[in-house]
Structure formats: structure tokens, C-alpha cells
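Reviewing the structure listed below.
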Protein chains: 2
Amino acid sequence: MKDSGSGRHTIRDVAKAAGVSISTASNALNGTGRTNAETREKVRRIAEEIGFRPNALARGLLTKRSHAIGMLTNDTYGRLTLPMASGVSEVLVDHGVSLFLCATNNDPRLAKLHLEALLDRQVDGIIFTATRIDLEPPPELTRLRIPVVYVFAQGPSHSVSFHPDDAQGARLAVGHLQHLGRSRILHITGEQNYRAACIRAEAYQELVGPTAEVMFGDWSEEWGHAAIETVFSRSGPKPEAIFCGSDEIARGVIDALRDRNISIPDDIAVVGFDNWEVVSRQTRPPLTTVDMELKELGHRAGLAILGLSKGETVQPGVERLPCTLVVRRSAGQPGQS
Amino acid sequence: MKDSGSGRHTIRDVAKAAGVSISTASNALNGTGRTNAETREKVRRIAEEIGFRPNALARGLLTKRSHAIGMLTNDTYGRLTLPMASGVSEVLVDHGVSLFLCATNNDPRLAKLHLEALLDRQVDGIIFTATRIDLEPPPELTRLRIPVVYVFAQGPSHSVSFHPDDAQGARLAVGHLQHLGRSRILHITGEQNYRAACIRAEAYQELVGPTAEVMFGDWSEEWGHAAIETVFSRSGPKPEAIFCGSDEIARGVIDALRDRNISIPDDIAVVGFDNWEVVSRQTRPPLTTVDMELKELGHRAGLAILGLSKGETVQPGVERLPCTLVVRRSAGQPGQS
DNA sequence: TGTTTTTGTTAAAACCTTTTAGCAACTAAA
DNA sequence: TTTAGTTGCTAAAAGGTTTTAACAAAAACA
């Protein structure tokens, strides 16, 4: 079975080898139209034999579905979007859909360039991702004729978006601490211009009540250190527990507490947020933290964009997916409530 | 200018509006064939006006160049491949080429699925990435008619691949330590079945001579701790400096040394490898470490696959890109040699 | 003036597939 | 035996672009 010119076999080769017309071959392979069972089998066998695979470009051109979707991500492959993207990819590949990855580096010019390229390629849909709240999604996105799904990001009012349930996650963490009998609970978290930080802080305040105190800073380990410095350089009662806005912050907090010979969790219990294992597994003691189930988030977003691109309707609005609590040793033992 | 059916404008719309034939429009837009300067301008102006953009599927179908390349990556978005991928993407987008991201999760079935999808889409080339040495690239890769570039991974003998120059990076680190007057230098590194680990270890041994000692383990912070435990639980002279195979290991090492009240860098100087800023910036003291210039690596790989896909020839073999040393405080002050 | 060259334009083919409409042959009903 | 319906197959159109070959008109040459 010799190559004909360009390389890959076309459906024409299959048809010729099977002694049928191109249309029959197509029908047989796709199970469309009317075909004799016998010829159908024959065509399929031959296609298999010569390793025929349909040209996705030609197919897409005709059917107007490219079976590709684009993902625009503004942070350069942060640890949030990537496990999520992996979840998206998992879902898509099972449906024969491929994923274009576009990193925009927060550069609007680049975002536009990527978006145009995606449209030129006739992608069936776009997933837009951004963690910062102060960066608006490009307004062109709302005027597209293809579906858009937002993850971590706020789309326009009638759009479809997926977020971790930050409030529920915060309640999980705080509730766990309260259940351990701690009542003076401090919240050390990241930048206030991240919506997630605010939502978590609010849920925390609601649960803790008047003694609640939120310290905003940035998302770094350093800030965790600095915050502890502040707390211990001022007078007044010290907290019995600290709920941190990220695992990195928690790591800084834990290190700073250890420097002060404060026992964790006996003197102060600590809970993080992210379950970024490379951090949460390595703190001493290992960190009890909130897992945002990023992969599942990706699954859901993938299924949504897949459905939308097929013309199915998907419940619009913000869907918030539940977080889970991963109990390690920085706040109560697994077995001890 | 009304939408015609499916949505986007076609070159037919441009031609009609400009009062010329489709071929003239195409020639004018692409600068091919012979066209009167005046008509050329007119066509271009009109195309701009109505926002015409050529359908990449149709173009690709005809020209046999899809202007897309695929990236097969076996580790689920590790911190090595991703900055690299970002570099690839940067180069590609400037040439109007898009990137398919395929995460294979070390699953050969998934790898095959992704590879087939990429071929169906007529990608112009493939970048294959894998950090583990014990996992062979799928053998199908060598039989493709499109170019393949390997990064971090070993391709077949006559293929094109890019690696960080691990040996040079190791020499940079060890040389720096020696320059600071340290001679008893220990090397604590990761798994022996990573080629990078072996190369670095060898370069280290060559430079340090008979007193060299390599401790293989895994790539975790925990192993850094454990290694120090071992070193200090046995008799004999202690090292004056430690060259670590990764920043994570270095972090474990530094923490363990601090626990023992050993001053860094005065008693023992420490150098890492990776410059993973989220780690290296946060150790106390901040970590002097080797940067593999991953983005640059991506640039080079992107340019290579781009050139190859245009039919240019690219020097085959393994190209190793120089690492740089980032001097922080864990091994000598910047100003003090 | 007649011949060749150059210039600007275009119709048509090609890329590979899916889908529509139609054709022939056969079967079932009248 | 005619009519209607079914079955299996195929030619042709369509999708949007690039490219080839051809054509007319104008320009250059003899």
C-alpha cells in the first residue's frame, strides 16, 4: 500500500481499494446513509488496514466544527490554572477535541493576537481564565458567536462561569478549627484585590463573629512571616488558631511560629488554602488545608464548553464547586475531633 | 456590511465589495502574482474595513501547512516544562503559529490518542518533552513525516534536541563554591534515573576530585532533611559547602542546617539548582542557585521547530544551552568573592 | 503596421471531506 | 403488468482558500 504523494492516505484511497465510490466509503465509515452491512465492513477493514484517518481540516471546513477549543490564560501558567487545564484536557481528549493553549502574560496586545488566531482556526469555543480580579476579560469575548466559559474569572452577567466555592472552603477551614475548640481565630490572607480573598474573608468573619480579624497582604511566604512578626510585637491576647489564605502564607506563618518555639497545633493551630502539595506536604507539621478540586473544576468547565459547542444549553451564571478539607497535622489529628 | 450566513466574511465578500475576482483579491492580500498597486490597496482597505480574516482551515487544507504545532508533555505540567512551554508559545505566536497542548500523564494510551489527534490536524511539527530518563519517547515519533524536536528528552541519534547544559550549570555552582574557598563540598541530589542528575553529579565529581561525595535520593525537600540527618549522624569531617540538585532539596537542607544552628553561609554554604523563585526566594537566607533559562530553552525549541517545518535544515544533535548562576545569600555575598 | 512582451485580471482546478439528490435495481403491493 | 416503495450505491456540490493556466489589453519592439 504505497503512499500517494503528500503522505497520508485519503478517503479516496480507501474507496479505490474497496472498489466503491467516495461517498459510499464516507457513509460506511461514519455509519450515515444507507450501506450494505457487507460493504460497510469491507470499507472499514480496509481503512483500518491502510491506517486511514480523516483530515480534520477538511472535515472541519465542511462541518463548521473544528473539534478544537482554545484556552486563554492570563497568568503565565500559574499553579491554579494548570491543574485546571489538565482537567479540561482530560475531558476534551475523550471527545476527540484538542486544546489550544494561549498564554497572554497579562498583555492585551498578546491576548488580542491569540484570540484572533483562535477565531481564524474556527475553534468551537473558548475557555477564559484569570485569577486577578482587577483585570477585565477582553470585551471582544462577549461579542463572539462561539461559546465562552469563564473559570476563576467574572464573565458578563448571563455567561457561564465556574469558580471554587471560596466561601464554603473558608467555612470548612474555620469550622474545623472551631470544632477543635479554638475560638480566637486570626485570618492572614493575600491581596485584597483578589475577589477570592474577599469572599473567603467574609465567610470567615461571618463564622467567627466580632473577634474576627483579617490581615490582608500578598500571597507570599514572606508575608506570612511578616504577619506573625506584627502579631507578636503587639500586646493583647494571641490567637489560638490561624486560617491562612494560601499554603504559601501558611508556610511562612508556621516557620515564624516555630522560630518562636510555639507548638503547632497545640498552642496555635494552622490551616491553609490550596493544597499545593509541594508546600502543604512539606511544612512541619504537614499542613491541614483546603483543596479547591481544581481538576474537577476543569472537568466541569470542559464539559460545559463541550455541551455549549454542540448547541446544548447550559445553565448560565456562576457555578461554585465545593472544596474539600485535607486534614494533616497542623490542626488537630485526623482521628481526634 | 451584513453577515452572510455562517458569520465570518469570506474572501468572496472582499472580492465582491472590491469589484474584483476572488483570485485577484487573494493575490492582492498575499502580495502574490501580479496586481496593480491601486487595486491592491483597495482590496486591502476593504478587507480591513469588513474585518476579513482568512479561514485557517481552508488555507491549511490547500497549502498543507496548518500553522499549528503540537506539544506532547508527559509530566502533568511540571514546573520545568511550563516556563519552557511559555517560551515556545512566545516565539510561535509571533509567527502566527498556534500551540496544541497535550498532557499525556505518562499514559501511553493517552499519548497515542493525542498524537493521532495532532496528526489528524495536520500539525506542522511536534515538540516532545519528558524529564524522566526511564521513559522512552513513543517510538511512533521517529517515523513521522513531520519534524519533531525533543526538549529535556533524548530523541533518536540524528534528531534535534535541546537541553539545559547540566554539566556547565554544575560547574558554575561548584566553581562558585570553590572560588569562595570551600573545598569539602558535598552533593545532595535527586533520583539517579534522571539523566540530568547523573550529568550534574559527574561534572561535580570532576571538579571536586577525590573528596567528592554524591548522595542520590529523590527530588523532595524531605530528602534534603534526611540527607543532612545522615551526614550529621555519622562521624568524620563535615562539609564546608553543599551543592544541591534542586531548590527543593536545598530548602530541606537549609532548614535542617538551621535546626542545628549551623550558620549559612558562614559554616556551610549552600547552592541550589532550578531557580524556582517560589522556593529560592523564600529560603532563609535566600538561595544562590543555578538558573536553567527555561524560557530561552523554549525560544530555541520554538525557533527550531518553526524552521524545520518550513523545510529549513537545523543542525541535528543535542544542543545544550548555558545555565546562569543567580547569586543570593546562601553562598557568599554578591560583592564578596 | 505587425510581432513580441509585459501587465492586470480571471476562470477553474485543487485540497479532502460530508451531504444532497438522484439513479438503477429489486421487492412488495395493486 | 403496472405502481409504489425500498435498498444500495454514486455523481456532484459545497466549504474557503491558493495557485495555475489562460486571456485580453496595453506597451514595447521591429
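So that the names make sense, note that chain A is the first sequence line, chain B the second, and so on, each numbered from 1. Because only heavy atoms are used, hydrogens play no part in the values below, and waters and symmetry mates are left out as well, while side chains stay in.
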Evaluation steps, ring-ring contact (aromatic ring centres under 6.0 Å, His included), between Phe100(A) and Phe100(B): CA-CA 5 Å; Phe100(A) 281 114; Phe100(B) 281 114; 3.9 Å; yes

Test log, rule salt bridge (Lys or Arg N to Asp or Glu O under 4.0 Å), inputs Glu49(B) and Arg45(B): CA-CA 6 Å; Glu49(B) 263 174 37; Arg45(B) 207 194 60 236; 3.4 Å; yes

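Note on Thr39(B): every side-chain N or O is 4.0 Å or more away from OP1 and OP2 of dG8(C). Contact annotation: Ser21(B) side-chain N/O to dT10(C) OP1/OP2 distance is under 4.0 Å. For dT9(C), the OP1/OP2 oxygens have no side-chain nitrogen or oxygen of Thr35(B) closer than 4.0 Å. Put simply, Thr24(B) has a side-chain N or O that comes within less than 4.0 Å of OP1 or OP2 on dT10(C). One finds a side-chain N or O of Ser26(A) lying less than 4.0 angstrom from the OP1 or OP2 phosphate oxygen of dT18(C). Under 4.0 angstrom from either OP1 or OP2 of dT19(C) there lies no side-chain N or O belonging to Asn27(A).
When every heavy atom of Pro316(B) is checked against every heavy atom of Val160(B), the shortest pair comes out as CA-CG2, 4.0 Å.
Taking atom CD of Glu38(B) as the reference point, atom C1' of dT7(C) lies 14 Å away to the nearest angstrom. Protein atom CG of Leu62(A) is 13 Å distant from nucleotide atom C1' of dC15(C), rounded to whole Å. Atom-to-atom, NE2 of His67(B) to P of dG16(D) comes out at 19 Å; the value is rounded to the nearest Å. The separation between His9(B) atom NE2 and dT17(D) atom P is 12 Å, rounded to whole Å. If you take CZ of Arg59(B) and P of dC16(C), they are 18 Å apart, rounded to a whole angstrom. Atom CD1 of Ile22(A) and atom C1' of dT19(C) are 13 Å apart (whole Å). At whole-Å resolution of the value, CZ in Arg65(A) and P in dC16(C) are 23 Å apart. For Ile11(B) and dA14(D), the CD1 to P distance is 19 Å, given to the nearest whole Å.
Of the candidate nucleotides dT17(C), dT18(C), dA14(C), dT18(C) has the atom lying nearest to any side-chain atom of Asn30(A). When distances are taken from the side chain of Asn36(A) to each of dT18(C), dA14(C), dC9(D), the shortest belongs to dC9(D). Closest to the side chain of Ser23(A), from the set dT10(C), dT18(C), dT10(D), is dT10(D). Distances were taken from every side-chain heavy atom of Arg34(B) (C-beta onward) to each of dT7(C), dC15(C), dG22(C); the shortest belongs to dT7(C). With distances taken from any side-chain atom of Leu61(B) to the nucleotides dC15(C), dT9(C), dT17(C), the minimum falls on dC15(C). Ranking dT10(C), dC15(C), dG16(D) by closeness to the Lys64(B) side chain, first place goes to dC15(C).
At a threshold of 4.0 angstrom between heavy atoms, the contacts of Leu57(B) with the nucleic acid are absent.
A donor-acceptor pair shorter than 3.5 Å cannot be found between the side chains of Asn27(A) and Thr35(A). Residues Glu90(B) and His299(B) have side chains that bring a donor and an acceptor to within less than 3.5 angstrom of each other.
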If you look only at distance, which donor and acceptor atoms sit under 3.5 Å apart when one is on a side chain in residues 117-124 of chain B and the other is two or more places apart or in another chain?
residue   : atom : partner  : partner atom : Å
Asp120(B) : OD1  : Arg8(A)  : NH2          : 3.0
Asp120(B) : OD1  : Arg53(A) : NH1          : 3.2
Asp120(B) : OD2  : Arg53(A) : NH1          : 2.6
Arg121(B) : NH1  : Ser98(A) : OG           : 2.7
Arg121(B) : NH2  : Ser66(A) : O            : 3.0
Arg121(B) : NH2  : His67(A) : O            : 2.2
Asp124(B) : OD1  : Ser66(B) : N            : 2.9
Asp124(B) : OD1  : Ser66(B) : OG           : 3.4
Asp124(B) : OD2  : His67(B) : N            : 2.7

